[in-house]
Colleague: 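One structure, as structure tokens, below. Some questions next.
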Amino acid sequence: MRRRYERLSRFPEGLLVTGDALCNFNPIYGQGMAVGALDALAMRDCLRAGATALARRYFAAAARAVDPAWRLAAGADLAMREAEGSRPPRVRVLNAYVRRLQRAAAHDPAVAVAFGRVTGLLDPPSALMRPAVLWRALRG
Ligand SMILES: Cc1cc2nc3c(=O)[nH]c(=O)nc-3n(C[C@H](O)[C@H](O)[C@H](O)COP(=O)(O)OP(=O)(O)OC[C@H]3O[C@@H](n4cnc5c(N)ncnc54)[C@H](O)[C@@H]3O)c2cc1C
């Protein structure tokens, strides 16, 4: 569940929202604390720049921190038949690719590392589209 505070035009002064209150994930992905830490870094950087328009700056920065994990987790949830939500072609193709990637990762350490780095939020999801990973996943 994601709350899009960055889309609000007004927000009370002296209050910020972080961690699970901003976005909470299906626990099977193990991303909640990592994203909470990224929110904290975004908050630190925004506070260093002063208090002017703090909420607007912070929520925009936090949204950028949350986005990759949210896309991964929400997209992966849609691979489950019982999950409600629309599945545009982009999501269906991506989930089919991730299934191949996971099969390849079971016996190809390079693919496993690439996948782990993305789910661990060390690399952006686009890292899984690098030619070397793509080739190994499709071949595997
Ligand atoms: C089963 C499970 C497994 C998970 N596994 C992982 C994992 O492997 N890796 C990972 O990164 N994340 C994991 N998570 C997610 C992670 O636990 C959360 O993302 C993280 O705890 C969120 O921290 P938070 O401080 O935002 O919220 P919370 O940890 O929920 O802290 C909120 C605190 O506020 C308190 N509170 C609530 N209301 C009030 C009130 N009115 N007044 C005062 N206090 C109040 C609560 O008691 C609580 O202590 C998992 C979550 C679950 C449920």
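No experiment lies behind these values; they were computed from the predicted model shown. Whatever order the structure lists ligands and atoms in, that order sets their numbers, starting from 1.
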Colleague: Might you confirm whether atom CZ of Arg10 has over 12 heavy atoms from other residues, nucleotides or ligands at distances under 6.0 Å?
Modeller: no
Colleague: Please answer: with hydrophobic residues joined when any side-chain heavy atoms are less than 4.5 Å apart, are Val91 and Leu134 in the same cluster?
Modeller: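 Val91 and Leu134: separate clusters.
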Colleague: Apply salt bridge (charged side-chain N to carboxylate O under 4.0 Å, His left out) to residues Arg2 and Asp67 and explain how you reach the verdict.
Modeller: CA-CA 10 Å; Arg2 185 169 180 186; Asp67 269 340; 2.9 Å; yes
Colleague: Please list, by chain and number, the protein residues whose heavy atoms come under 4.0 Å of ligand 1.
Modeller: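 If the criterion is a heavy atom under 4.0 Å, then ligand 1 touches Gly19, Asp20, Pro27, Gly30, Gln31, Gly32, Met33, Ala34.
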Colleague: CZ of Arg90: more than 12 outside heavy atoms within 6.0 angstrom?
Modeller: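 Atom CZ in Arg90 is not crowded, with 12 or fewer foreign heavy atoms closer than 6.0 Å.
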Colleague: If the condition is side-chain hydrogen bond (donor to acceptor under 3.5 Å, both in side chains), which residues does Asn95 pass it with, not counting sequence neighbours?
Modeller: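 Once residues adjacent in sequence are excluded, Asn95 has no partner under the side-chain hydrogen bond (donor to acceptor under 3.5 Å, both in side chains) criterion.
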Colleague: On a heavy-atom basis, which atom in Leu78 and which in Ala83 lie closest, and how many Å separate them?
Modeller: CA-CB, 4.4 Å
